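Following: one structure in structure tokens, then a few remarks.
It should be emphasised that the depicted structure is a prediction, and the values quoted were computed from it without experimental measurement. Below, chains carry the letters A, B, ... as their sequence lines are ordered, and counting in each starts from 1.
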Amino acid sequence: MSEFATIVRSVVASIPAGSVMTYKEVAIAAGNPQAARAVANIMAANYDEAIPCHRVIRSKGGLGGYNRGGTSAKANILKGEGVVLYKQHVHF
DNA sequence: GCGCTGACTGTCA
DNA sequence: ATGACAGCCAGCG
């Protein structure tokens, strides 16, 4: 794996419960502000239980996707952690 | 090593 | 306010 992927995982794993980060923010934190797609790809292709991908959302507030139960499960988990959701979109 | 795909984003029409 | 287009990057066949 590349260093980028490692940093991305670390960043995502560092997101506290009740908080969320956008793919863009994660990409920036990983050192590549333009690599939002790559971040999403890493999440989708290399999911790990230690990596709370459900706390990573789209810049528009959409949940994006989830490879472990679907968007619905993702929304449910976020809501359970204290994130305010409104019809599957994060309420900033 | 090349080309396609995707849980994206921002801008233009 | 929607919809379409293009730019961007890493992973996989």
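Chain A approaches DNA chain C over the interval C/dG7 to C/dG11, counting the first and last nucleotide 5' to 3' with an atom under 4.0 Å from its heavy atoms.
For the atom pair A/Arg68 CZ and A/Asp48 CG, the distance stands at 9.5 Å (nearest 0.5 Å). In this structure, OG1 in A/Thr22 is found 7.0 Å from CZ in A/Phe92, a value given to the nearest 0.5 Å. The distance from the NE2 atom of A/His54 to the NZ atom of A/Lys79 is 15.5 Å, given to the nearest 0.5 Å. Note that the OG atom of A/Ser2 and the CD1 atom of A/Ile42 stand 6.0 Å from one another [nearest 0.5 Å]. A/Met43 contributes atom CE, which lies 8.0 Å from atom CZ of A/Arg9 (distance to the nearest 0.5 angstrom).
Judged purely by atom type and a 3.5 angstrom limit, A/Ser14 uses its side chain to pair as donor or acceptor with the backbone of A/Ser10.
Near DNA chain B, defined here as any heavy-atom distance below 4.0 Å, the residues from residues 28-37 of chain A are A/Ala36, A/Arg37, listed numerically. Near DNA chain B, defined here as any heavy-atom distance below 4.0 Å, the residues from residues 55-72 of chain A are A/Arg58, A/Ser59, A/Lys60, A/Gly64, A/Gly65, A/Asn67, listed numerically.
With A/Val56 as reference, A/Ile15 is the one residue of A/Leu63, A/Val20, A/Ile15 to meet the side-chain contact (heavy atoms from CB on, under 4.5 Å) rule.
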Query raised in the report: Can you give the dot-bracket line for DNA chain B, using ( ) for pairs inside the strand, [ ] for pairs that cross earlier ones, | for pairs with another strand and . for unpaired bases, where Watson-Crick and G-U count if both distances are under 3.5 Å?
Result: .|||||.||||||
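What separates OH of A/Tyr23 from P of B/dG10 is a distance of 14 Å, to the nearest Å.
Contact detail for A/Gln88 and A/Ala75: the closest heavy-atom pair is CG-CB, 4.2 Å. Between A/Ala38 and A/Phe4, the shortest heavy-atom distance links the atoms CB-CE2, 3.9 Å. Across every non-hydrogen atom of A/Pro52 and A/Ala13, the tightest pair is CD-CA, 3.8 Å.
Counting any heavy atom pair closer than 4.0 Å across all strands shown, A/Ala5 reaches sugar-phosphate atoms only and no base atom.
Residues passing the side chain to side chain donor-acceptor pair (under 3.5 Å) test with A/Arg37, sequence neighbours excluded: none. Residues meeting the side chain to side chain donor-acceptor pair (under 3.5 Å) test with A/Gln34, sequence neighbours left out: none.
Under the 4.5 Å side-chain heavy-atom criterion for grouping Ile, Leu, Val, Met, Phe, Trp and Tyr, A/Met21 is not connected to A/Ile57 through any hydrophobic cluster.
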